[in-house]
Number of protein chains: 2
Amino acid sequence: MKTSIERKPLRPASTQALVGREPAAPESEPMFDLIELFFFAYRDFVGDADRLLENYGFGRAHHRVLHFVYRRPGLAIAALLDILKITKQSLNRVLKQLLDAGFVEARAGATDRRQRLLFPTPKGAKLAQELAILQSERFRRVFGELPPEAREATADFLLAMINASDRERVRAHLPPRRRRRQLPEDDAA
Amino acid sequence: MKTSIERKPLRPASTQALVGREPAAPESEPMFDLIELFFFAYRDFVGDADRLLENYGFGRAHHRVLHFVYRRPGLAIAALLDILKITKQSLNRVLKQLLDAGFVEARAGATDRRQRLLFPTPKGAKLAQELAILQSERFRRVFGELPPEAREATADFLLAMINASDRERVRAHLPPRRRRRQLPEDDAA
DNA sequence: AGAAATATGTCAATATAGCTGACGTATAAG
DNA sequence: CTTATACGTCAGCTATATTGACATATTTCT
């Protein structure tokens, strides 16, 4: 079967008007500017960490696990799965590598010995910090270029972007200052 | 060889103090709050589109291609590769599917016939709009909950987060209002 | 005590999205 | 007329995720 990527019956582009532009007033104006800005900003933000992780043979998945283990030491597997919203099979490959490489360690729960509670090792804590510092440098440059209210405004914006179902849990880990604003209950999902 | 994920010599967690917390003043305070907020906010933001794309058998890669073809009709392959920062082999699989399914079409360049300029079909334009509207609904809810300056402040923040090397190109596609601020030249990469 | 639920690990197969390297072809530019 | 450019494609590889099925240790319920 012929694929449609091949060189043949292409008329020159100039012979036809652009298709699909000016859609005669869509239902609710799409905010293309913010969509693209968010895409590029997040891509460059995670790119910083990607380069550091390469030195360790780790990827983004390892970063996420290490980060949350560092931030919530004693985290159980199920809680981590709930944060990351991936399956345990997916987590296991990555977590196994972090355990084998000595960046994370697991200990049986004190009350429930079925649980395997995760802790960063000193080595793991060091890497988690380096990654966080690297990403914070970008934030620091950005807020150095913006008015002083920008940091609070940004945190408010990002928090509001999170699905209501997770918002409270995320807010609980914010520094006290950032925990003020009480938003109404609704969810875009 | 034994893996380290297995149930055996785990002492209870309570017998050891948490490792790696309170790192005795890191070089420059990591902004953990913003790092996590950015992670969760972006995850939920793209999740909206993911659900719609499933109905078409498409993934995020298709979304990105369709979006930029819709926004920059007549885009050449090389320009698209430069925006997405992926290889042509990666692009080709996804682009082929969009061409075959009739969401995008390619036409030879008028001046340079080696180029294959990409355009959305009416069907492709419709899907691109639906996706953008869906993601804009989240923005609209968010800015409805925040003070009126928040939208401008958010655009400023996101633009500043982008690597300087790409910032001008992105700014060129913003609506006029959003193009004011001239930031100093520097790059975190 | 015994059954059932829970927390976790693991095997196998599959999908998506990316990569490198090598090579082919049409067109443009020197 | 040679070289460079824009693109397509084949082959093989990696990382990250999925579903489904099953195993094991431990807790909880009856």
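Per chain, numbering begins at 1; letters A, B, ... match sequence-line order.
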If you compare all heavy atoms of A/Leu99 against all heavy atoms of A/Arg116, which two are closest, and at what distance to 0.1 Å?
CD1-NH2, 4.0 Å
Kindly say whether B/Ile162 contributes a backbone atom to a donor-acceptor pair with the side chain of B/Arg167 at under 3.5 angstrom?
yes
Rounding to a whole Å, what distance do you find between B/Asn92:CG and C/dT16:P?
17 Å
Is B/Ser90 reaching over with its side chain to a backbone N or O of B/Ile86, donor-acceptor style, under 3.5 angstrom?
no
Rounded to whole angstrom units, what separation is found between the CG atom of B/Asp50 and the C1' atom of C/dA15?
14 Å
B/Arg138 (side chain) donor-acceptor with A/Met161 (main chain) under 3.5 angstrom:
yes
What are the atom names and distances for every N/O pair under 3.5 Å that joins the protein to nucleotides 28-30 of chain C?
from	atom 1	to	atom 2	distance (Å)
C/dA28	OP1	B/Arg113	N	3.0

For A/Lys126, which residues count as a salt bridge (Lys or Arg N to Asp or Glu O under 4.0 Å) partner, sequence neighbours excluded?
A/Glu130
To the nearest Å, give me how far apart CD1 (A/Ile77) and C1' (D/dT26) are.
16 Å
note: B/Leu81, atom CG; D/dC7, atom P; distance rounded to Å ~ 8 Å
Using a cut-off of 4.0 Å between protein heavy atoms and nucleotide atoms, how would you tag nucleotides 13-22 of chain D 5' to 3' with B, S and -?
---BBBBBB-
State plainly whether the residues A/Glu145 and A/Arg141 are in salt-bridge range, i.e. N to O under 4.0 Å.
yes
To the nearest Å, give me how far apart CG (A/Leu95) and P (C/dG9) are.
7 Å
Using only atom types and a distance under 3.5 Å, with no angle test, would you say the side chain of A/Thr121 pairs donor to acceptor with the backbone of A/Gly124?
yes
In whole angstrom, what separates B/Arg116's CZ from C/dT27's C1'?
14 Å
Check against side chain to side chain contact (heavy atoms under 4.5 Å, CB included), B/His63 and B/Leu131
CA-CA 8 Å; B/His63 184 186; B/Leu131 287 162; 3.6 Å; yes
Integer-rounded Å distance: D/dC7 P and B/Lys96 NZ:
16 Å
Sidechain-backbone polar pair: A/Asn163 side chain, A/Ser165 backbone, donor-acceptor under 3.5 Å
no
When the distance from CG of A/Leu99 to P of C/dT8 is rounded to whole Å, what number comes out?
13 Å
